[in-house]
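The structure under discussion appears below in the form of C-alpha cells.
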Amino acid sequence: MQKRNKKFLKEGELFPFLLASIKGISQIMLIENAITGIIILLAITLASPFLGSITFISVMIGTLIAKIGEADKQAVNAGLFGYNSALTGLALSLFLDGPYNWIIALIGAAIVSILTAALMHFIKGIDIPILTFPFVIITWFMLLISYKLETFQLNPILAPEILSNVTVDFSGEINWLGGFVLGIAQIFFLDNIYSGILLFIALFWAGWRFGVYAIIGSAIALLTASLFGGEQSLISLGLYGYNAILTIIAVSIVFKESDNRFAFYSGMIGASLTILITASLSVWLLPFGLPALTMAFVLGTWIFLGARKVMPMF
C-alpha cells in the first residue's frame with residue numbers, strides 16, 4: 001500500500017492554498033473569484049484591521065482543515081470550505097468578549113469546516129446547497145456556551161431580553177443612502193460606508209449581474225422594511241438589507257437553471273420575504289441573546305430552491 005504524504009502543504013502548493021482561501025472569502029457572496037475575494041478582504045480591513053486579520057486567518061483554517069481531511073479537491077479549490085469559517089471567525093470575535101474571544105473564534109472557524117463537510121454529505125441527496133447554515137449553527141452554539149462556561153463571555157450587546165419588556169423605537173428619519181450602502185456591508189458585520197462601496201465594486205468585478213442584483217436587493221429591503229413599518233434605526237444601519245442581497249443573488253443568478261423563466265421575480269420575492277423572516281427570527285432569539293445572522297437568507301433561499309424541485313419554472 002502506498003504511504004500517504006503527510007505534508008499537507010507540499011512545495012509548490014502554498015499559492016494554490018492561498019488562492020483557495022481568497023476564493024473562500026468571495027464565496028461568502030456566492031462568487032468564485034479571487035479578485036473579488038481580495039477586494040472584500042480590503043473592505044473588511046478598511047473598517048477594522050483586526051477583523052480583516054481574523055477573516056483571513058479563519059478562512060485559511062477552514063481551507064486547511066478541508067485539505068487535511070482530503071476533501072474533494074475541486075470543492076476545496078473553489079473555496080467552498082472557507083466561507084463559513086470566515087463568517088464564523090468574524091461573528092465570534094465580535095459577539096464574544098474577554099481576552100480569549102479571538103482564540104475561540106479561530107476554534108469555531110475550524111469546527112465549522114468539519115460541520116460543512118458533514119452537512120454536504122447529509123443533504124447531497126436532495127441537491128440543495130448548505131449556504132451559510134453551518135456558520136449560523138456553530139455561531140449560535142458557541143454563543144450559548146457562554147451561559148455555562150466562564151471562558152466564553154458574551155458581548156453585552158447581545159444581552160437576553162424578556163419579550164414583555166422589549167420596547168421598539170419608531171421615531172426618527174430613515175437614512176436611505178446609509179441603509180442602502182450598509183445593507184451589503186452588514187453581510188460582514190460592518191457599518192462603514194466606504195467598505196460598503198468597496199463591496200459593491202467587488203460584486204461588479206465578478207459580473208455586472210451580481211452588482212445590479214445586489215443594488216436591487218438592497219433597494220427591495222429598504223422599501224419592504226419601511227412599507228411594513230420597520231424600526232428606522234435598523235433600516236438605516238442596513239440590518240434588513242444583507243439577507244435580501246444574498247437571497248436575490250442566490251435565487252436569481254447562482255442557482256438559476258436555464259428553464260427558470262421567473263427566477264428574477266422569485267429572487268425579488270425571496271428578498272422581500274427575508275425582511276419578514278428577519279423580524280420574526282429577531283423576536284424568537286431575543287430571550288437567548290442571539291443575533292439572527294444570515295438565517296433569513298438560508299431559509300428564504302431554501303424555500304425557492306426547494307419549490308423549484310416541484311415547480312421548475314420558478
Side-chain angles (χ1 to χ4, degrees), residues 14-48 51-67 71-91 109 112-113 116 120 129-136 183-190 192 194-215 217-218 241-256 293-294 297-298 301:
L14 179 59
F15 179 75
F17 169 73
L18 293 176
L19 187 63
S21 298
I22 289 295
K23 287 182 179 179
I25 296 175
S26 71
Q27 286 286 3
I28 296 171
M29 306 293 289
L30 304 157
I31 294 167
E32 182 187 344
N33 187 293
I35 301 299
T36 294
I38 290 171
I39 298 173
I40 291 172
L41 185 60
L42 287 174
I44 298 170
T45 306
L46 175 66
S48 168
L51 291 181
S53 301
I54 286 291
T55 301
F56 192 46
I57 296 171
S58 296
V59 77
M60 286 195 296
I61 287 174
T63 305
L64 183 60
I65 292 291
K67 285 185 70 67
D72 178 73
K73 188 174 181 179
Q74 185 175 354
V76 174
N77 291 338
L80 295 179
F81 287 92
Y83 69 96
N84 278 296
S85 293
L87 285 172
T88 302
L90 266 173
V112 81
S113 183
T116 296
M120 282 180 174
I130 61 171
L131 304 174
T132 57
F133 186 66
F135 146 64
V136 173
I184 193 170
Q186 289 291 353
I187 295 172
F188 304 91
F189 310 100
L190 308 177
N192 185 294
Y194 300 107
S195 294
I197 293 171
L198 266 179
L199 291 171
F200 275 116
I201 293 172
L203 289 182
F204 274 105
W205 179 274
W208 68 266
R209 284 185 175 85
F210 288 102
V212 170
Y213 279 47
I215 289 172
S218 189
Y242 65 98
N243 282 296
I245 292 171
L246 291 173
T247 301
I248 194 171
I249 290 175
V251 174
S252 299
I253 303 178
V254 179
F255 301 109
K256 174 185 177 296
L293 303 174
T294 55
F297 152 60
V298 173
T301 301

Between [X] (side chain) and [Y] (backbone), is there a donor-acceptor pair under 3.5 Å?
X	Y	answer
S218	A214	no
Y242	L293	yes
N84	L131	yes
T294	F297	no
S58	A86	no
S26	G37	no

Any chance you could measure [X], atom [atom1], to [Y], atom [atom2], to the nearest 0.5 Å?
X	Y	atom1	atom2	answer
I22	Q27	CD1	CD	12.5 Å
Q186	N192	CD	CG	11.0 Å
I249	I184	CD1	CD1	6.5 Å
K23	T63	NZ	OG1	11.5 Å
M29	F188	CE	CZ	5.5 Å
Y213	W208	OH	CH2	6.5 Å

Check: Can you check side chain to side chain contact (heavy atoms under 4.5 Å, CB included) on L41 and V59, steps first, answer last?
Finding: CA-CA 11 Å; L41 185 60; V59 77; over 6 Å; no
For a quick test of reading the model, state the closest non-hydrogen atom pair linking [X] to [Y] and the distance between them.
X	Y	answer
F81	S113	O-OG, 3.8 Å
V76	A20	O-CB, 3.5 Å
L18	M60	CD2-SD, 3.9 Å
I40	A202	CG1-CB, 3.9 Å
F17	K67	CD1-CD, 3.7 Å
F189	A91	CZ-CB, 3.7 Å

Next item on the list: Please report the C-alpha distance between I187 and L246 in whole Å, then the side-chain angles of each, then the deciding distance to 0.1 Å, and finally whether the side chain to side chain contact (heavy atoms under 4.5 Å, CB included) criterion is met.
Entry: CA-CA 8 Å; I187 295 172; L246 291 173; 3.9 Å; yes
Check: What salt bridge (Lys or Arg N to Asp or Glu O under 4.0 Å) pairs are there with at least one residue in residues 33-46, not counting sequence neighbours?
Finding: none
Item checked: salt bridge (Lys or Arg N to Asp or Glu O under 4.0 Å) pairs, two or more places apart, involving residues 57-66 ->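 The answer is none; no pair qualifies.
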Note to self: Within the 4.5 Å heavy-atom criterion, are L51 and L190 side-chain neighbours or not?
What the structure shows: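 In contact.
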Check: Is D72 close to M120 at the side-chain level, that is, under 4.5 Å between some pair of heavy atoms?
Finding: no
Note to self: Taking side chain to side chain donor-acceptor pair (under 3.5 Å) as the definition, give me every residue that meets it alongside T36, ordered by chain and number, with sequence neighbours left out.
What the structure shows: N33
Item checked: Audit row: L90, F135, side chain to side chain contact (heavy atoms under 4.5 Å, CB included) steps and yes/no -> CA-CA 10 Å; L90 266 173; F135 146 64; over 6 Å; no
Note to self: Checking S85 against V112 for the side chain to side chain contact (heavy atoms under 4.5 Å, CB included) test, could you report, in this order, the C-alpha distance in whole Å, the side-chain angles of both residues, the deciding distance, and whether it holds?
What the structure shows: CA-CA 6 Å; S85 293; V112 81; 3.4 Å; yes
